[in-house]
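Counting convention: from 1, in listed order, for ligands and their atoms alike.
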Amino acid sequence: MAVDPLIELRDVNKHYGNLHVLQDINLTVGRGEVVVIIGPSGSGKSTLCRTINRLETIGSGEILLDGRPLPAEGKELARLRAEVGMVFQSFNLFAHKTVLANVSLAQIKVRKRGREEADKRSRELLDRVGLASQAEKFPAQLSGGQQQRVAIARALAMNPKALLFDEPTSALDPEMINEVLEVMQQLAAEGMTMVVVTHEMGFARSAANRVVFMADGRIIEDRTPEEFFTAPESERARDFLSKIL
Ligand code: ADP
Ligand code: MG
(Lines give C-alpha, C1' and ligand atoms only; values in the text may rest on other atoms or scores of the structure.)
(Ligands and ions follow the chains in the order given, each with its own letter.)
Protein backbone atom coordinates (compact mmCIF):
# COMPACT_ATOMS: atom_id res chain seq x y z
CA MET A 1 0.00 0.00 0.00
CA ALA A 2 2.34 2.78 1.23
CA VAL A 3 2.99 4.81 -1.79
CA ASP A 4 4.55 8.12 -2.44
CA PRO A 5 7.18 8.44 0.33
CA LEU A 6 7.66 11.90 1.79
CA ILE A 7 9.92 11.04 4.75
CA GLU A 8 12.26 8.04 4.66
CA LEU A 9 14.68 6.89 7.34
CA ARG A 10 17.03 4.14 6.24
CA ASP A 11 19.15 2.21 8.72
CA VAL A 12 19.45 5.23 10.97
CA ASN A 13 21.68 4.88 14.01
CA LYS A 14 22.56 7.44 16.64
CA HIS A 15 24.53 7.35 19.89
CA TYR A 16 24.74 9.69 22.83
CA GLY A 17 28.08 8.56 24.21
CA ASN A 18 27.54 4.91 25.07
CA LEU A 19 23.78 5.11 24.69
CA HIS A 20 22.59 3.67 21.38
CA VAL A 21 19.53 5.90 21.24
CA LEU A 22 18.37 5.05 17.70
CA GLN A 23 19.06 1.53 16.48
CA ASP A 24 18.65 0.56 12.83
CA ILE A 25 15.58 2.71 12.33
CA ASN A 26 13.75 2.15 9.06
CA LEU A 27 10.61 4.19 8.66
CA THR A 28 8.72 5.54 5.67
CA VAL A 29 6.00 8.15 5.98
CA GLY A 30 3.93 8.48 2.84
CA ARG A 31 2.54 11.77 1.58
CA GLY A 32 -0.67 12.47 3.44
CA GLU A 33 -0.04 9.79 6.01
CA VAL A 34 -0.44 10.21 9.76
CA VAL A 35 2.01 8.12 11.76
CA VAL A 36 1.66 7.99 15.54
CA ILE A 37 4.75 7.05 17.54
CA ILE A 38 4.25 5.63 20.98
CA GLY A 39 6.48 3.95 23.51
CA PRO A 40 7.89 4.21 27.00
CA SER A 41 9.71 7.29 28.20
CA GLY A 42 13.34 7.25 27.09
CA SER A 43 12.73 4.99 24.10
CA GLY A 44 14.00 7.58 21.58
CA LYS A 45 10.76 9.10 20.28
CA SER A 46 11.81 12.72 20.69
CA THR A 47 15.26 12.00 19.31
CA LEU A 48 13.68 10.40 16.25
CA CYS A 49 11.51 13.48 15.66
CA ARG A 50 14.45 15.77 16.12
CA THR A 51 16.56 13.92 13.58
CA ILE A 52 13.83 14.36 10.96
CA ASN A 53 14.16 18.12 10.91
CA ARG A 54 17.84 17.96 11.64
CA LEU A 55 17.78 19.36 15.16
CA GLU A 56 19.97 16.30 15.82
CA THR A 57 22.61 14.72 13.63
CA ILE A 58 22.71 10.98 13.02
CA GLY A 59 25.69 8.62 13.27
CA SER A 60 24.91 6.46 10.26
CA GLY A 61 22.15 5.77 7.78
CA GLU A 62 20.22 8.34 5.80
CA ILE A 63 17.10 10.44 5.99
CA LEU A 64 15.34 11.59 2.84
CA LEU A 65 12.69 14.25 2.53
CA ASP A 66 10.79 14.10 -0.72
CA GLY A 67 13.50 11.85 -2.15
CA ARG A 68 16.38 14.14 -1.22
CA PRO A 69 18.91 13.70 1.61
CA LEU A 70 18.56 16.14 4.48
CA PRO A 71 20.90 19.09 4.06
CA ALA A 72 23.69 19.36 6.62
CA GLU A 73 23.81 23.11 7.14
CA GLY A 74 23.34 26.62 5.82
CA LYS A 75 20.50 27.94 3.72
CA GLU A 76 19.37 24.50 2.66
CA LEU A 77 18.96 23.55 6.29
CA ALA A 78 16.84 26.62 7.00
CA ARG A 79 14.67 25.68 4.04
CA LEU A 80 14.27 22.16 5.38
CA ARG A 81 13.22 23.49 8.79
CA ALA A 82 10.55 25.51 7.01
CA GLU A 83 9.37 22.43 5.12
CA VAL A 84 9.06 20.23 8.18
CA GLY A 85 7.26 22.09 10.92
CA MET A 86 7.63 21.03 14.51
CA VAL A 87 5.24 21.44 17.42
CA PHE A 88 6.69 20.77 20.88
CA GLN A 89 5.25 19.92 24.25
CA SER A 90 6.22 23.39 25.47
CA PHE A 91 4.75 25.84 23.02
CA ASN A 92 7.90 27.98 22.65
CA LEU A 93 6.05 31.16 21.71
CA PHE A 94 7.80 34.51 22.00
CA ALA A 95 6.41 36.00 25.21
CA HIS A 96 6.93 39.63 24.20
CA LYS A 97 5.27 39.36 20.81
CA THR A 98 1.57 39.26 20.09
CA VAL A 99 -0.08 36.11 18.85
CA LEU A 100 -0.24 37.63 15.37
CA ALA A 101 3.46 38.58 15.43
CA ASN A 102 4.37 35.08 16.63
CA VAL A 103 2.67 33.55 13.61
CA SER A 104 4.05 36.14 11.17
CA LEU A 105 7.67 36.24 12.33
CA ALA A 106 9.18 33.29 10.48
CA GLN A 107 7.09 34.03 7.39
CA ILE A 108 8.84 37.40 7.20
CA LYS A 109 12.32 36.21 8.22
CA VAL A 110 12.51 32.84 6.47
CA ARG A 111 9.86 32.99 3.77
CA LYS A 112 10.63 36.65 3.00
CA ARG A 113 6.99 37.64 2.88
CA GLY A 114 6.08 41.28 3.43
CA ARG A 115 4.43 42.07 6.76
CA GLU A 116 1.03 42.70 5.24
CA GLU A 117 1.01 39.43 3.34
CA ALA A 118 2.35 37.55 6.37
CA ASP A 119 -0.25 39.05 8.71
CA LYS A 120 -3.03 38.24 6.28
CA ARG A 121 -1.93 34.61 6.15
CA SER A 122 -1.53 34.57 9.95
CA ARG A 123 -5.10 35.77 10.44
CA GLU A 124 -6.41 33.07 8.11
CA LEU A 125 -4.53 30.43 10.07
CA LEU A 126 -5.58 31.80 13.45
CA ASP A 127 -9.14 31.62 12.19
CA ARG A 128 -8.56 28.03 11.15
CA VAL A 129 -7.41 27.04 14.66
CA GLY A 130 -10.29 28.95 16.24
CA LEU A 131 -8.31 31.95 17.50
CA ALA A 132 -9.25 34.75 15.14
CA SER A 133 -10.28 36.96 18.05
CA GLN A 134 -7.01 36.47 19.97
CA ALA A 135 -4.58 37.89 17.42
CA GLU A 136 -3.64 41.02 19.37
CA LYS A 137 -3.12 39.28 22.71
CA PHE A 138 0.17 38.13 24.21
CA PRO A 139 0.83 34.43 24.83
CA ALA A 140 0.54 34.72 28.62
CA GLN A 141 -3.03 35.98 28.19
CA LEU A 142 -4.03 32.70 26.53
CA SER A 143 -4.71 29.26 27.99
CA GLY A 144 -2.26 26.44 27.32
CA GLY A 145 -4.58 24.92 24.74
CA GLN A 146 -4.86 28.24 22.94
CA GLN A 147 -1.09 28.72 23.01
CA GLN A 148 -0.55 25.30 21.51
CA ARG A 149 -3.02 26.14 18.74
CA VAL A 150 -1.01 29.30 18.05
CA ALA A 151 2.10 27.12 17.80
CA ILE A 152 0.29 24.94 15.25
CA ALA A 153 -0.79 28.00 13.25
CA ARG A 154 2.81 29.23 13.31
CA ALA A 155 4.07 25.90 11.96
CA LEU A 156 1.39 25.91 9.24
CA ALA A 157 2.33 29.43 8.22
CA MET A 158 5.48 28.11 6.59
CA ASN A 159 3.43 25.89 4.24
CA PRO A 160 5.27 22.82 5.49
CA LYS A 161 5.29 19.54 3.59
CA ALA A 162 4.99 17.72 6.89
CA LEU A 163 4.40 18.46 10.56
CA LEU A 164 6.08 16.74 13.51
CA PHE A 165 4.35 16.82 16.87
CA ASP A 166 6.26 15.81 20.00
CA GLU A 167 3.74 15.17 22.78
CA PRO A 168 1.75 18.28 21.89
CA THR A 169 -0.84 17.77 24.62
CA SER A 170 1.32 16.45 27.45
CA ALA A 171 1.75 19.82 29.12
CA LEU A 172 -1.95 20.71 28.94
CA ASP A 173 -4.64 20.54 31.55
CA PRO A 174 -7.06 17.74 30.66
CA GLU A 175 -9.89 20.05 29.62
CA MET A 176 -7.67 21.64 26.95
CA ILE A 177 -6.42 18.48 25.32
CA ASN A 178 -9.39 18.00 23.01
CA GLU A 179 -9.29 21.45 21.46
CA VAL A 180 -5.72 20.73 20.31
CA LEU A 181 -6.48 17.20 19.17
CA GLU A 182 -9.45 18.50 17.18
CA VAL A 183 -7.21 20.87 15.24
CA MET A 184 -4.81 17.99 14.60
CA GLN A 185 -7.68 15.73 13.49
CA GLN A 186 -8.79 18.40 11.07
CA LEU A 187 -5.28 18.73 9.61
CA ALA A 188 -5.09 14.96 9.23
CA ALA A 189 -8.43 14.94 7.43
CA GLU A 190 -7.19 17.66 5.08
CA GLY A 191 -4.30 15.44 4.06
CA MET A 192 -1.39 16.92 6.02
CA THR A 193 1.51 14.50 6.45
CA MET A 194 2.05 14.16 10.18
CA VAL A 195 4.34 12.33 12.58
CA VAL A 196 2.85 12.51 16.04
CA VAL A 197 4.42 11.35 19.28
CA THR A 198 1.51 11.05 21.67
CA HIS A 199 -0.05 8.91 24.34
CA GLU A 200 -3.52 9.97 23.24
CA MET A 201 -4.74 6.61 22.05
CA GLY A 202 -8.11 7.99 20.95
CA PHE A 203 -6.27 10.20 18.48
CA ALA A 204 -4.13 7.28 17.33
CA ARG A 205 -7.21 5.14 16.72
CA SER A 206 -9.16 7.75 14.85
CA ALA A 207 -6.50 9.69 12.93
CA ALA A 208 -3.45 7.46 12.44
CA ASN A 209 -2.78 5.40 9.35
CA ARG A 210 -0.05 3.60 11.29
CA VAL A 211 1.14 3.21 14.84
CA VAL A 212 4.86 2.82 15.41
CA PHE A 213 5.79 1.36 18.77
CA MET A 214 9.32 2.12 19.99
CA ALA A 215 11.29 0.70 22.89
CA ASP A 216 14.98 1.03 23.72
CA GLY A 217 15.79 2.91 20.55
CA ARG A 218 14.18 0.39 18.22
CA ILE A 219 10.97 0.21 16.25
CA ILE A 220 9.29 -2.87 17.65
CA GLU A 221 5.99 -2.67 15.76
CA ASP A 222 4.77 -0.65 12.78
CA ARG A 223 1.15 -1.53 11.99
CA THR A 224 -2.32 -0.15 11.52
CA PRO A 225 -3.98 1.15 14.72
CA GLU A 226 -6.61 -1.55 14.37
CA GLU A 227 -3.97 -4.29 14.33
CA PHE A 228 -1.85 -2.69 17.00
CA PHE A 229 -4.58 -2.08 19.53
CA THR A 230 -6.46 -5.31 19.04
CA ALA A 231 -3.50 -7.66 18.76
CA PRO A 232 -0.10 -6.21 19.62
CA GLU A 233 2.53 -8.76 18.64
CA SER A 234 5.26 -8.02 21.13
CA GLU A 235 5.34 -8.53 24.86
CA ARG A 236 6.78 -5.00 25.18
CA ALA A 237 3.79 -3.45 23.43
CA ARG A 238 1.26 -5.53 25.38
CA ASP A 239 2.96 -4.51 28.61
CA PHE A 240 3.01 -0.83 27.57
CA LEU A 241 -0.64 -0.83 26.54
CA SER A 242 -1.72 -2.50 29.77
CA LYS A 243 -0.16 0.41 31.65
CA ILE A 244 -1.65 3.28 29.69
CA LEU A 245 -5.10 2.05 28.63
P1 ADP B 1 11.55 9.74 24.55
O2 ADP B 1 11.15 10.95 23.78
O3 ADP B 1 11.05 8.45 23.95
O4 ADP B 1 11.19 9.81 26.00
P5 ADP B 1 14.24 10.67 24.09
O6 ADP B 1 14.46 10.62 22.63
O7 ADP B 1 13.98 11.99 24.70
O8 ADP B 1 13.14 9.60 24.50
O9 ADP B 1 15.52 10.10 24.84
C10 ADP B 1 16.04 8.80 24.54
C11 ADP B 1 17.25 8.55 25.41
O12 ADP B 1 18.30 9.44 25.04
C13 ADP B 1 17.00 8.79 26.89
O14 ADP B 1 17.71 7.82 27.62
C15 ADP B 1 17.58 10.17 27.12
O16 ADP B 1 18.02 10.31 28.44
C17 ADP B 1 18.73 10.20 26.15
N18 ADP B 1 19.01 11.56 25.65
C19 ADP B 1 18.15 12.39 25.03
N20 ADP B 1 18.73 13.54 24.65
C21 ADP B 1 20.03 13.43 25.06
C22 ADP B 1 21.17 14.30 24.97
N23 ADP B 1 21.08 15.49 24.37
N24 ADP B 1 22.32 13.85 25.49
C25 ADP B 1 22.41 12.65 26.08
N26 ADP B 1 21.39 11.77 26.19
C27 ADP B 1 20.20 12.17 25.70
MG1 MG C 1 10.10 12.61 24.36
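- Here the heavy atom of the protein found nearest to atom 3 (O) of ligand 1 is Lys45 NZ, 2.7 Å.
- Nearest non-hydrogen protein atom to atom 4 (O) of ligand 1 is Gly42 N, 2.7 Å.
- Closest to atom 25 (C) of ligand 1, if we only count protein heavy atoms, is Tyr16 CG, 3.5 Å.
- Remark: Arg238 CZ is packed, more than 12 non-hydrogen atoms of other residues, nucleotides or ligands lying under 6.0 Å away.
- Look at Ser46 and the Mg ion (ligand 2): an N/O/S atom of the residue is under 2.8 Å from the metal.
- Note on Arg128 versus Glu190: salt bridge recorded, some NZ/NE/NH1/NH2 to OD/OE distance being below 4.0 Å.
- Cation-pi geometry between Arg236 and Phe213 is not met: the NZ or CZ atom fails to fall both under 6.0 Å from the ring centre and inside 45° of the normal.
- A donor-acceptor pair under 3.5 Å links the side-chain atoms of Gln148 to the main chain of Pro168, judged by distance alone.
- A heavy-atom separation below 4.0 Å is found between Pro40 and ligand 1.
- Remark: atom 16 (O) of ligand 1 lies closer than 4.0 Å to no protein heavy atom.
- There is a side-chain donor-acceptor pair under 3.5 Å between Ser122 and Gln107.
- Counting heavy-atom neighbours within 6.0 Å of Glu226 CD, excluding the residue itself, gives a total of 12 or less.
- Every atom of ligand 1 with a heavy atom of Thr47 under 4.0 Å away is listed here by number and element: 5 (P), 6 (O), 9 (O).
- Ring geometry for His199 against Phe240 counts as perpendicular: the plane angle is over 60°, on a 0 to 90° scale with 30° as the lower cut.
- Of the protein's non-hydrogen atoms, the one nearest atom 7 (O) of ligand 1 is Ser46 CB, 3.6 Å.
- In terms of protein heavy atoms, atom 8 (O) of ligand 1 is closest to Gly44 N, 3.2 Å.
- If you number the atoms of ligand 1 from 1 as listed, the ones under 4.0 Å from a heavy atom of Val21 come out as 10 (C), 11 (C), 12 (O).
- There is no side-chain donor-acceptor pair under 3.5 Å between Glu136 and Thr98.
- Not one N or O of Leu19 is nearer than 3.5 Å to an N or O of ligand 1, by distance alone.
- Residue Ser43 places a heavy atom under 4.0 Å from ligand 1.
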